[in-house]
Peer 1: 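Sharing a structure with you now.
In what follows, every chain begins at residue 1, and chains take the letters A, B, ... in the order their sequences are listed.
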Amino acid sequence: MSSIPPNKTLYVNNLNEKIQKEELRKALYYLFSQYGRVVDVVALKTIKMRGQAFIVYREITEATKAMRSLQGFPLFDKPIKIDYAKTRSNKLNVLDGEYKLDESNTQSIYSQMFSESKFSQGVTTISKKREHEEDDQSNKKMALDKTDEEEENVIPNRILFLQNLPMDITEKMLSYLFVQYPGFKEIRLVPGKPDIAFAEYENELQAQTALKVLDGFNITPTNAMKVEFAKI
DNA sequence: AGCACA
């Protein structure tokens with residue numbers, strides 16, 4: 001019986017401490033995404049914080065649903081324990097800032113997002129803890145240097161498949177990016193899979209133009225977006 | 001068992 005009032009962030013403990021941080025975050029992210037839009041997962045391996053994590057949702061109702069459904073869920077052989085977090089996650093304040101901006105002025109959110117502030121800083125909580133700067137470079141290269149097999153798969157399609165998106169990406173943010181190229185129709189997010197999306201264009205050629213420019217685009221300093229033609 | 005990130 002929890003004494004903490006319901007809020008958007010869940011505190012999860014009794015996690016298997018042998019699991020690597022990134023693997024754990026990813027597992028939690030997918031597990032909890034089933035119940036709503038997860039915008040951040042914070043897991044620290046410090047003495048004090050190991051075996052615990054914070055799952056940040058957009059809505060309290062989503063957090064509540066997840067807590068009910070996943071209470072005691074055996075993750076990496078240990079039943080997880082879930083409660084509401086005691087304090088508000090920083091990420092939520094960042095998100096609120098973006099939302100206000102979004103409401104007030106479309107032009108400014110664009111420059112905010114892709115210049116110095118909100119988009120690049122705020123959205124990057126996931127990766128900002130990286131110790132090595134080179135990760136930046138290698139991420140970018142990974143997305144840009146295609147292997148031979150990937151090259152073969154490239155059958156032009158007016159629908160683009162976007163991968164490696166930050167988990168709190170919005171349809172609006174992606175639209176700002178893709179609408180710059182002619183023929184843009186819409187962005188489609190995928191429920192339960194916040195790191196991928198689709199961008200639709202009028203025709204293959206237009207889609208290809210966007211692909212060429214936006215594949216490998218550093219949507220945050222450490223998340224190079226991968227863009228390929230959808231396989232449909 | 002342990003409630004953080006800014």
Side-chain angles (χ1 to χ4, degrees), chain A residues 1-33 35-102 109 112-113 115-133 135-136 139 165-170 173 194-195 219-223:
Chain A
M1 167 71 225
S2 150
S3 47
I4 304 149
N7 68 83
K8 297 179 183 179
T9 304
L10 296 176
Y11 170 72
V12 181
N13 67 355
N14 199 41
L15 292 166
N16 189 328
E17 297 180 20
K18 289 184 289 250
I19 309 301
Q20 294 305 302
K21 188 166 86 179
E22 282 315 309
E23 188 187 352
L24 180 65
R25 292 187 65 232
K26 198 153 216 174
L28 288 167
Y29 167 48
Y30 280 108
L31 185 61
F32 282 82
S33 288
Y35 305 94
R37 181 102 194 156
V38 172
V39 291
D40 204 7
V41 174
V42 178
L44 289 297
K45 292 284 267 188
T46 57
I47 311 280
K48 191 184 176 199
M49 292 310 298
R50 63 186 47 166
Q52 303 149 76
F54 298 86
I55 318 292
V56 188
Y57 282 99
R58 285 202 119 86
E59 304 296 337
I60 299 179
T61 53
E62 298 170 332
T64 303
K65 218 195 307 170
M67 183 163 75
R68 292 218 183 99
S69 317
L70 294 175
Q71 194 63 265
F73 183 92
L75 182 64
F76 299 114
D77 301 323
K78 296 190 74 182
I80 62 174
K81 287 186 5 198
I82 312 175
D83 204 338
Y84 295 107
K86 285 179 182 162
T87 57
R88 181 178 169 88
S89 298
N90 288 325
K91 184 49 157 258
L92 292 169
N93 298 328
V94 176
L95 253 32
D96 283 354
E98 283 173 7
Y99 180 69
K100 276 200 203 98
L101 207 66
D102 201 51
I109 195 178
Q112 291 280 348
M113 276 181 350
S115 60
E116 71 295 344
S117 58
K118 299 293 179 195
F119 200 53
S120 18
Q121 288 177 10
V123 176
T124 327
T125 310
I126 306 171
S127 30
K128 85 180 167 209
K129 285 284 185 173
R130 301 269 190 131
E131 302 90 304
H132 309 298
E133 282 239 305
D135 286 359
D136 241 78
N139 254 353
L165 300 169
M167 62 178 81
D168 59 346
I169 195 78
T170 63
M173 289 178 192
D195 57 339
I219 219 157
T220 72
T222 46
N223 281 57

Peer 1: Look at the side chain of A:Thr46 against the base of B:dA4 and say whether a donor-acceptor pair falls under 3.5 Å; ignore hydrogens and angles.
Peer 2: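 Check fails, no donor-acceptor contact within cut-off.
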Peer 1: Once you round it to whole Å, what is the distance between C1' of B:dA1 and CD1 of A:Ile82?
Peer 2: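 Checked: the CD1 to C1' distance equals 17 Å.
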Peer 1: Atom OH of A:Tyr11 to atom P of B:dG2: distance rounded to whole Å?
Peer 2: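 Rounded to the whole Å, the gap is 7 Å.
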Peer 1: Checking side-chain contact (heavy atoms from CB on, under 4.5 Å) between A:Leu10 and each of A:Val56, A:Ile55, A:Val41, which is the one that passes?
Peer 2: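 For A:Leu10, the side-chain contact (heavy atoms from CB on, under 4.5 Å) test succeeds with only one of A:Val56, A:Ile55, A:Val41, which is A:Ile55.
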Peer 1: In this structure, how many angstroms lie between the P atom of B:dA4 and the CG atom of A:Leu10, rounded?
Peer 2: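 Taking atom P of B:dA4 as the reference, CG of A:Leu10 is at 16 Å.
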Peer 1: Kindly state which residues belonging to residues 13-20 of chain A come within less than 4.0 angstrom of DNA chain B, counting heavy atoms of the residue only, listed by number.
Peer 2: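 A:Asn13, A:Asn14, A:Glu17, in order of number.
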Peer 1: Among residues at least two apart in sequence or on other chains, which ones pass side-chain hydrogen bond (donor to acceptor under 3.5 Å, both in side chains) with A:Asp195?
Peer 2: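 If we apply the side-chain hydrogen bond (donor to acceptor under 3.5 Å, both in side chains) test to A:Asp195, skipping adjacent residues, the hits are A:Tyr30.
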Peer 1: Is a donor on one side and an acceptor on the other found under 3.5 Å between the side chain of A:Asn7 and the backbone of A:Ala85?
Peer 2: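 Judged by distance alone, yes, a pair lies under 3.5 Å.
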Peer 1: Mind calculating the distance between CD1 (A:Ile47) and P (B:dA4) to the nearest angstrom?
Peer 2: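 Checked: the CD1 to P distance equals 15 Å.
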Peer 1: Please state how far atom CG in A:Asn7 lies from atom P in B:dC3, giving the value in whole angstrom units.
Peer 2: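 Interatomic distance, CG of A:Asn7 to P of B:dC3: 15 Å.
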Peer 1: Specify the closest pair of heavy atoms between A:Lys78 and A:Asn14, including all atoms of both residues, with the distance to one decimal.
Peer 2: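 Reported closest heavy-atom pair: NZ-OD1, 3.3 Å.
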Peer 1: Which heavy atom of A:Leu165 sits nearest to which heavy atom of A:Pro194, and what is that distance?
Peer 2: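 The answer is CB-O, 4.2 Å.
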Peer 1: Of the residues in residues 49-60 of chain A, which ones touch DNA chain B at a heavy-atom distance under 4.0 Å?
Peer 2: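 Those residues whose heavy atoms fall under 4.0 Å from DNA chain B, taken from residues 49-60 of chain A in numerical order, are A:Met49, A:Arg50, A:Gly51, A:Gln52, A:Phe54.
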Peer 1: What is the distance, to the nearest angstrom, from the CE atom on A:Met167 to the P atom on B:dC5?
Peer 2: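 Taking atom P of B:dC5 as the reference, CE of A:Met167 is at 17 Å.
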Peer 1: Going by the side chain to side chain donor-acceptor pair (under 3.5 Å) test, which pairs reach into residues 55-65 of chain A, not counting sequence neighbours?
Peer 2: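 For residues 55-65 of chain A, and leaving out neighbouring residues, the side chain to side chain donor-acceptor pair (under 3.5 Å) pairs sorted by first residue read A:Thr64-A:Tyr84.
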Peer 1: So does A:Tyr11 get a backbone contact from the side chain of A:Asp83, meaning a donor-acceptor N/O pair under 3.5 Å?
Peer 2: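 Flag not set: sc A:Asp83 to bb A:Tyr11 has no pair under 3.5 Å.
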Peer 1: Quick one: does A:Ser89's side chain have a donor or acceptor within less than 3.5 Å of a partner on A:Leu92's backbone?
Peer 2: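 Between the backbone of A:Leu92 and the side chain of A:Ser89 there is no qualifying donor-acceptor contact (under 3.5 Å).
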Peer 1: Quickly work out the A:Asp40 CG to B:dC3 C1' distance and round it to whole Å.
Peer 2: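 To the nearest whole Å, that distance equals 15 Å.
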Peer 1: Where do A:Glu22 and A:Arg25 land on the salt bridge (Lys or Arg N to Asp or Glu O under 4.0 Å) test, with the steps shown first?
Peer 2: CA-CA 5 Å; A:Glu22 282 315 309; A:Arg25 292 187 65 232; 3.3 Å; yes
Peer 1: Provide the closest heavy-atom pair for A:Leu24 versus A:Ala43 in the form atom of the first, atom of the second, distance.
Peer 2: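 Minimum heavy-atom contact is CD2-CB, 4.4 Å.
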Peer 1: Restricting to salt bridge (Lys or Arg N to Asp or Glu O under 4.0 Å), what partner residues turn up for A:Arg88, sequence neighbours left out?
Peer 2: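 Per chain and number, A:Arg88 pairs via salt bridge (Lys or Arg N to Asp or Glu O under 4.0 Å) with A:Asp96.
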Peer 1: Taking CD1 from A:Ile4 and P from B:dC3, how many angstroms apart are they, rounded to a whole number?
Peer 2: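 To the nearest whole Å, that distance equals 10 Å.
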Peer 1: Of all of residues 65-73 of chain A, which get a heavy atom below 4.0 angstrom from DNA chain B, listed by number?
Peer 2: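 Heavy-atom cutoff 4.0 Å gives no residues at all.
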Peer 1: Looking at A:Lys86, does any N or O in its side chain come under 4.0 Å of the phosphate oxygens OP1/OP2 on B:dA4?
Peer 2: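 For B:dA4, neither OP1 nor OP2 has a side-chain N or O of A:Lys86 closer than 4.0 Å.
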